[in-house]
Amino acid sequence: MSDKTLIILKPDCIQRRLIGRILQRFEDKGMTIAGMKLMQIPKGLAEEHYAPHKDKPFYPGLIEYITSGPVVILAVAGPGCIAICRMLMGKTFGFEAEPGTIRGDFGASKTFNLVHGSDSPESAKTEIALYFKPGELLEYATAADNWTVKPNEA
Ligand code: IDP
Ligand code: MG
C-alpha cells in the first residue's frame with residue numbers, strides 16, 4: 001500500500017472559494033486523491049483529531065474554527081506524500097510561510113491557515129482512520145504517475 005496522508009481544506013478555504021485552487025496545488029505536484037468528502041466536522045471528532053493540542057492556549061479557538069463550516073477531507077496518496085504535502089502547505093503561520101506555499105500565498109493568520117496535513121506516518125494513519133472507513137479509499141495508478149512521482153529513480 002502506498003504512502004497516504006490526511007489533508008483537510010479548512011473552513012476558510014471553503015468560505016473563500018479556494019477549493020479548486022488549493023486542490024490544484026496537490027494535483028500539480030503529482031499527488032493522487034485516494035479519498036475525498038465534504039463534511040462539517042462534529043465537535044467530538046474535532047476534539048479527537050486535535051487531542052494532541054488540548055492543553056494549548058489556542059485549542060478552544062482551533063476547535064471553534066475547524067467546526068465552523070464545511071471542510072473538504074482528502075486522503076492523499078503517493079511516495080513521500082506526507083513530507084511533500086507539508087512542504088506544499090508551508091509553515092503553520094501564514095505570516096511566516098514562504099511565498100509559493102499554500103499558507104504563504106493565501107493568508108497571514110495564525111489560526112486561519114487554510115489547510116491541515118498529517119505530520120508523520122503515525123498521525124497520518126490515525127487521522128485517516130478518523131475520517132475514512134477502509135473501503136472508502138481507492139488505490140489506483142494514473143497516467144501521470146510515471147512522469148511525476150516515479151519512486152525508484154537513481
Ligand atoms: P500544523 O497545522 O502546521 O501542523 P499545529 O501546531 O499542529 O500546526 O497546529 C494545529 C493548528 O492549530 C494550526 O494549523 C493552526 O490552525 C492552529 N494553531 C497552531 N498554533 C496556533 C497559535 O499559536 N495560535 C492560533 N492558532 C494556532
Ligand atoms: Mg499539526
Side-chain angles (χ1 to χ4, degrees), residues 1-134 136-138 148-149 151:
M1 225 196 212
S2 73
D3 297 349
K4 287 193 189 58
T5 187
L6 187 86
I7 299 295
I8 301 179
L9 309 187
K10 292 177 170 181
D12 45 340
C13 187
I14 283 67
Q15 293 300 317
R16 294 173 59 191
R17 300 181 179 270
L18 290 171
I19 296 172
R21 291 171 73 188
I22 305 291
L23 199 49
Q24 190 70 56
R25 302 278 180 123
F26 296 98
E27 279 202 287
D28 284 347
K29 190 69 176 173
M31 303 291 98
T32 299
I33 299 169
M36 176 158 68
K37 58 174 81 166
L38 182 72
M39 67 183 287
Q40 186 153 357
I41 303 177
K43 189 154 185 271
L45 179 54
E47 285 168 350
E48 253 190 284
H49 178 153
Y50 283 119
H53 292 309
K54 70 173 179 301
D55 298 324
K56 310 264 173 64
F58 61 83
Y59 175 78
L62 175 58
I63 297 298
E64 194 184 331
Y65 161 49
I66 204 69
T67 60
S68 67
V71 297
V72 176
I73 312 282
L74 299 157
V76 167
C81 63
I82 298 170
I84 291 171
C85 288
R86 293 285 298 190
M87 279 193 290
L88 290 174
M89 290 160 53
K91 287 186 186 161
T92 301
F93 303 148
F95 56 84
E96 289 177 356
E98 303 232 12
T101 65
I102 295 166
R103 289 163 166 178
D105 283 352
F106 288 97
S109 163
K110 277 185 163 180
T111 309
F112 306 143
N113 58 5
L114 299 138
V115 67
H116 166 82
S118 308
D119 63 6
S120 67
E122 297 71 38
S123 67
K125 196 159 182 255
T126 311
E127 291 173 4
I128 287 171
L130 286 176
Y131 294 95
F132 292 101
K133 300 188 191 91
E136 289 179 331
L137 299 186
L138 298 182
T148 52
V149 287

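When a ligand or atom number is given, it counts from 1 through the structure's own listing order.
Separation of atoms CD1 (Ile66) and CD (Gln40) is listed at 10.5 Å; rounding is to 0.5 Å.
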Please output the side-chain donor-acceptor pairs of residues 77-94 that fall under 3.5 Å, not counting sequence neighbours, one pair per line with the distance.
from: Arg86; atom 1: NH1; to: Gly117; atom 2: O; distance (Å): 2.9

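Note on residues 40-68: pairs passing salt bridge (Lys or Arg N to Asp or Glu O under 4.0 Å), not counting sequence neighbours, are Lys43-Glu47.
Distance alone, capped at 3.5 Å, places no donor-acceptor pair between the Glu127 side chain and the Thr5 backbone. A distance-only check finds no donor-acceptor pair linking the side chain of Thr101 to the backbone of Ala97 [under 3.5 Å]. Although no hydrogens or angles enter the test, the distance criterion places no donor-acceptor pair under 3.5 Å between the side chain of Lys10 and the main chain of Tyr65. Arg103 contributes a side-chain N or O that, together with a main-chain N or O of Asn113, makes up a donor-acceptor pair within less than 3.5 Å.
Not a single heavy atom of His116 lies less than 4.0 angstrom from ligand 1. At least one heavy atom of Arg86 sits under 4.0 Å from some atom of ligand 1. Within the structure, ligand 1 has Lys10 among the residues with a heavy atom less than 4.0 angstrom away. For the ligand labelled ligand 1, residue Arg103 lies inside the 4.0 Å heavy-atom shell. Residue contacts with ligand 1 do not include Asp119, since none of its heavy atoms lies under 4.0 Å from the ligand.
Within ligand 1, counting atoms from 1 as listed, the ones closer than 4.0 Å to a heavy atom of Asn113 are 13 (C), 14 (O), 15 (C), 16 (O). Interface of Phe93 with ligand 1, defined as ligand atoms under 4.0 Å from a residue heavy atom, comprises 20 (N), 21 (C), 22 (C), 23 (O).
Outside the 6.0 Å centre-distance limit, the rings of Tyr50 and Tyr59 are not counted as a close aromatic pair.
Among all protein heavy atoms, the one lying closest to atom 11 (C) of ligand 1 is Leu62 CD1, 3.8 Å. Distance from atom 22 (C) of ligand 1 to its nearest protein heavy atom, with residue and atom name: Phe58 CD2, 3.5 Å.
At a cut-off of 3.5 Å, with distance as the only test, a side-chain donor of Ser123 or Ser120 sits close to an acceptor on the other residue.
Of the heavy atoms in Thr111, both backbone and side-chain atoms come closer than 4.0 Å to ligand 1. At a 4.0 Å heavy-atom cut-off, ligand 1 touches Thr92 through backbone and side chain alike. At a heavy-atom distance under 4.0 Å, no atom of Phe112 approaches ligand 1.
Heavy-atom proximity to atom 9 (O) of ligand 1, evaluated over His53, Lys110, Met89, is greatest for His53.
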